[in-house]
Amino acid sequence: MMYFLYAFLATLLAFLASPVLAIAGMANWRGMRHRVGILPAVNGSSDRPVIWFHAASVGEVAGLTAIVSAFIRVQPDWRVVVSTMTRTGLDHARRMVPDVHGLCLVPLDVPIIVRRAFVRFSPRALVFVEGELWPCLIEEAVRSGCRVALVNGRMSDRSYPRYRTIRRLTRRMLSRLALLCAQTETDANRFIDCGASPDRVIVTGNVKVDLMSSTPPSSRTVLRQMLGLPEAEPVIIAGSTRPGEEEMVFEAFIAVRARHPEARLICAPRHLDRLPDVQRSLREHGLPFIRRSEIQPLSVLTPDPRPLT
């Protein structure tokens, strides 16, 4: 009943907003053409099977990159489609996984719209990365005979209570998964508690950690040189920050600098359109900074001591 209520409300809202969605789709405002189901064709021969990977944004795309690259090596005959929730995530995917056969923003989670997506792509498998699950997308996948999996799955302390609150809906989603690869035992137990079948859940670790450990020291040295950061200087990285989090990071960084003045901070907001707000906060905290796009090659020779954003 919970799923049908969700699908009904999603359809009702889409119907009420249909004039706006139609205009936005025709103008492709903020990528709305993809959102309403007007999707690009999948490149490659039509007799080759399709697998569809979905990641939320830039942070999840980092893990997706390794997964997709490995899949292409193992299954070169498959065609790969990648979707993301955000435009910055889509741009990052376009740069990081250029060998895929289709890229798009994920369609709105409305039955009639996701049905068009499955008609367009005809995937044999749908793979979610980390934790962004969409009820109608999963339901349509099952209805069309497409197997669904979640890889590098995690359920944060903040998400877990939310999933439990709507357990009837999450149970239906998670029970549809043919495979769930969790990052940790804690994540696995949380997914099972919320409705995943225990015999389909395995702990595989965090692919992002694997990527970091496999990065050769020489690459890290080159990256430090690109950013103008000497090897001896400790670097604090605050990645994928959200509103309110930067202030806590900056205050903590000021405390660290009081004892370790050589420390440097790299701050990467989750959404780049918030850069003006982050820069304003840096100024309010009295922290000089430089944006990554402003670093010139010469900075390799003359390191800039300011925080990076």
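All residue numbers refer to positions in the sequence shown, counting from 1.
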### Query
Hey, does the side chain of His101 reach the backbone of Val80 with a donor-acceptor pair shorter than 3.5 angstrom?
yes
### Query
Are Phe71 and Val207 linked, directly or through other ILVMFWY residues, by side chains that come within less than 4.5 angstrom of each other?
yes
### Query
Backbone N or O of Arg200 within a donor-acceptor pair of the Ser197 side chain at under 3.5 Å?
no
### Message
Using a 6.0 Å cut-off, check whether atom CZ of Arg115 has over 12 heavy atoms from anything other than its own residue.
### Response
yes
### N-O pairing of Asp157 and Arg190 below 4.0 Å
yes
### Query
Any ion pair linking Glu245 and Arg242 (charged N to carboxylate O, less than 4.0 Å)?
no
#### Entry: Tyr163 and Asp193: side chain donor to acceptor below 3.5 Å
no
### Query
Leu137 and Phe118: side chain to side chain contact (heavy atoms under 4.5 Å, CB included), yes or no, with the steps?
CA-CA 9 Å; Leu137 196 60; Phe118 277 90; 3.7 Å; yes
### Task
Can you see which heavy atom on Gly244 is nearest to which on Met248, and at what distance?
O-CE, 3.8 Å
### Query
Does any N or O in the side chain of Ser83 come within less than 3.5 Å of the main-chain N or O of Val106, such that one atom is a donor and the other an acceptor?
no
### Query
Taking everything shown except Arg48 itself, do over 12 heavy atoms lie less than 6.0 Å from its CZ?
yes
#### Entry: Joint hydrophobic cluster, Val114 plus Ile112, side-chain heavy atoms closer than 4.5 Å
no
### Query
Hey, is the main chain of Pro269 close enough, under 3.5 Å, to the side chain of Arg274 for a donor-acceptor pair?
no
### Query
Are His92 and Arg95 close enough that a side-chain donor and a side-chain acceptor fall under 3.5 Å?
yes
### Summary
Rounded to the nearest 0.5 Å, the CD atom of Glu233 sits from the CD atom of Glu262 at a distance of 7.0 Å
### Query
Among the clusters formed by ILVMFWY side chains lying less than 4.5 Å apart, do Val61 and Phe53 turn up in the same one?
no
Show me the side-chain donor-acceptor pairs of residues 121-132 shorter than 3.5 Å, one per line, residues at least two apart or across chains.
residue : atom : partner : partner atom : Å
Glu130  : OE1  : Arg154  : NE           : 2.9
Glu130  : OE2  : Lys208  : NZ           : 2.9
Glu132  : OE2  : His54   : NE2          : 2.6
Glu132  : OE2  : Trp134  : NE1          : 3.0

### Query
Once you round to the nearest 0.5 Å, how far does CD of Glu294 lie from CZ of Arg291?
6.0 Å
### Inter-residue atom distance His34.NE2 - Asn28.CG, 0.5 Å rounding
6.5 Å
#### Entry: Heavy-atom pair of closest approach, residues Val82 and Ala93
CG1-CB, 4.2 Å
### Message
Minimum heavy-atom separation for Thr165 and Pro161, please, with both atom names.
### Response
OG1-O, 2.8 Å
### Query
Ser144 side chain to Glu140 main-chain N or O, any donor-acceptor pair under 3.5 Å?
yes
Please tabulate, for side-chain N and O atoms in residues 249-256, each donor-acceptor pair with protein atoms closer than 3.5 Å (sequence neighbours left out).
none

### Query
Under 3.5 Å, is there a donor-acceptor pair linking the side chains of Ser281 and Glu246?
no
### Task
Begin from the C-alpha positions of Cys194 and Met155 and carry the test side chain to side chain contact (heavy atoms under 4.5 Å, CB included) through to its verdict.
CA-CA 10 Å; Cys194 290; Met155 189 179 293; 4.1 Å; yes
### Task
Inspect the surroundings of CG in Leu179 and state if more than 12 heavy atoms from other residues, nucleotides or ligands are less than 6.0 Å away.
yes
### Task
Would you tell me whether Thr88 and Asp91 have side-chain atoms, one donor and one acceptor, within less than 3.5 Å of each other?
no
### Query
In Å, rounded to the nearest 0.5 Å, how long is the span from OG1 of Thr184 to CG of Asn206?
9.0 Å
### Message
For the backbone of Asn152 and the side chain of Gln183, can you confirm whether one donor and one acceptor N or O come within less than 3.5 Å of each other?
### Response
yes
### Query
For the atom pair CD1 (Ile138) and CG (Leu177), what is the distance rounded to the nearest 0.5 Å?
5.5 Å
### Query
Is the shortest distance from a Lys or Arg side-chain nitrogen in Arg270 or Glu60 to a carboxylate oxygen in the other one below 4.0 Å?
yes
### Message
To the closest 0.5 Å, what do you measure between OG (Ser156) and CZ (Arg162)?
### Response
7.5 Å
### Query
Same cluster for Leu287 and Ile236 if Ile/Leu/Val/Met/Phe/Trp/Tyr side chains link at under 4.5 Å?
yes
### Task
Look at the side-chain heavy atoms of Ile, Leu, Val, Met, Phe, Trp and Tyr, link any pair under 4.5 Å apart, and say whether Val203 and Ile67 land in one connected group.
no
### Query
Salt bridge or not for Glu139 and Arg172, using N-O below 4.0 Å?
yes
#### Entry: Under 3.5 Å: donor-acceptor pair, side chain of Thr84, backbone of Thr86
yes
### Task
In sequence, state the C-alpha distance, the side-chain angles, and the governing distance for Thr186 and Asn189, and then conclude on side chain to side chain donor-acceptor pair (under 3.5 Å).
CA-CA 5 Å; Thr186 299; Asn189 291 333; 5.8 Å; no
